[in-house]
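These notes concern the structure reproduced below.
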Amino acid sequence: QVQLVESGGGPVQVGGSLKLSCVASGRTFSGYAMGWFRQAPGQEREFVAAISWNSGRPYYAESVRGRFTISRDNAKRTVDLQMNSLKPEDTAVYYCGARSSPAIMAMWEGYDIWGQGTQVTVSS
């Protein structure tokens, strides 16, 4: 079983940048596609970005495309989310998810394992 721990969240001003990291531990990380999702108060968890096991063709939500970059280092068992040009509507708890399949999916129901989340707050 894989365990996930996110870090890197915090307060940031509009237009600023943050880098979220997700570290995987446990029996195996091999073959897992990874995703980042976020959930604002009173809203459902929404897809942000996903990356396949071999890092081919990352996929982004339209709302973050061009501003966020997802990457992974399988040797270090990490998945990062670089967030630039942050907006107030990016404020949410960000969750890292692992999917026991090499292929990406943009639906949270397709992910088997979740971290505890890290809060990102963007203010003007």
Side-chain angles (χ1 to χ4, degrees):
Q1 185 77 349
V2 174
Q3 294 85 41
L4 305 174
V5 177
E6 303 98 332
S7 63
V12 63
Q13 291 191 326
V14 171
S17 298
L18 279 177
K19 185 177 182 179
L20 306 183
S21 293
C22 174
V23 179
S25 62
R27 187 171 63 88
T28 181
F29 185 57
S30 177
Y32 280 74
M34 302 295 293
W36 283 96
F37 289 73
R38 65 188 182 188
Q39 188 166 19
Q43 298 188 20
E44 293 190 355
R45 190 168 298 190
E46 67 169 354
F47 171 76
V48 175
I51 189 166
S52 62
W53 164 247
N54 64 0
S55 299
R57 296 181 65 86
Y59 183 65
Y60 299 93
E62 185 62 34
S63 59
V64 307
R65 190 170 295 133
R67 300 188 296 124
F68 291 12
T69 302
I70 188 172
S71 61
R72 69 187 292 166
D73 185 330
N74 289 338
K76 296 181 179 179
R77 302 163 69 93
T78 59
V79 179
D80 295 334
L81 185 69
Q82 177 66 46
M83 306 187 297
N84 299 327
S85 302
L86 284 161
K87 305 175 181 180
E89 51 264 41
D90 295 318
T91 295
V93 177
Y94 283 70
Y95 295 92
C96 175
R99 170 172 156 75
S100 56
S101 165
I104 61 175
M105 178 176 281
M107 297 175 62
W108 67 266
E109 295 91 342
Y111 290 76
D112 309 293
I113 303 162
W114 295 95
Q116 83 289 350
T118 184
Q119 176 71 48
V120 172
T121 303
V122 185
S123 59
S124 56

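Side-chain heavy atoms closer than 4.5 Å link hydrophobic residues (I, L, V, M, F, W, Y) into clusters, and following such links, even through other members, never connects Met107 to Val48. Side-chain heavy atoms closer than 4.5 Å link hydrophobic residues (I, L, V, M, F, W, Y) into clusters, and following such links, even through other members, never connects Phe47 to Leu20. Val2 is not connected to Met105 by any chain of hydrophobic side-chain contacts under 4.5 Å among Ile, Leu, Val, Met, Phe, Trp and Tyr, and they are in different clusters. Cluster membership check: Ile104 does not share its hydrophobic cluster with Trp36, using side-chain heavy-atom separations under 4.5 Å among Ile, Leu, Val, Met, Phe, Trp and Tyr. Linking Ile, Leu, Val, Met, Phe, Trp and Tyr whenever their side-chain heavy atoms come within less than 4.5 Å puts Tyr94 and Ile51 in one cluster.
Between Tyr60 and Ala49, the shortest heavy-atom distance links the atoms CD2-CB, 3.6 Å. Closest heavy-atom contact between Ala24 and Leu4: CB-CD2, 3.8 Å. What you find for Ile70 and Pro58 is that their closest heavy atoms are CG2-CB, 3.6 Å. Pairing each heavy atom of Ser21 with each of Asp80, the nearest pair is OG-OD1, 2.9 Å. Of all non-hydrogen atoms in Cys22 and Met34, the two that sit nearest each other are SG-CE, 4.3 Å. Pairing each heavy atom of Ala33 with each of Pro102, the nearest pair is CB-O, 3.6 Å.
At a threshold of 4.5 Å between non-hydrogen side-chain atoms, the residues Gln116 and Val5 count as touching. Using a 4.5 Å heavy-atom threshold, the side chains of Lys76 and Val23 count as separate.
When the shell of 6.0 Å around CD of Gln13 is examined, it contains 12 or fewer heavy atoms from other residues, nucleotides or ligands. When the shell of 6.0 Å around CD of Glu44 is examined, it contains 12 or fewer heavy atoms from other residues, nucleotides or ligands. Counting non-hydrogen atoms of other residues, nucleotides and ligands closer than 6.0 Å to CH2 of Trp108 gives a total of 12 or fewer.
Between the side chain of Glu6 and the backbone N or O of Cys96, at least one donor-acceptor pair lies under 3.5 Å. Checked by atom type and distance alone, the side chain of Arg72 pairs as donor or acceptor with a backbone atom of Ser52 at under 3.5 Å. With hydrogens and angles disregarded, a donor-acceptor distance shorter than 3.5 Å links the side chain of Asn74 to the backbone of Trp53.
The OG atom of Ser101 lies 9.0 Å from the CG atom of Asp112; values are rounded to the nearest 0.5 Å. Atom OG of residue Ser85 and atom CZ of residue Phe68 lie 9.0 Å apart, to the nearest 0.5 angstrom.
For an aromatic pair to be called close, the ring centres must be under 6.0 Å apart, and Tyr111 with Phe37 satisfies this.
Scored by the salt bridge (Lys or Arg N to Asp or Glu O under 4.0 Å) test, Asp90 finds Arg38, Arg67 as partners (sequence neighbours excluded).
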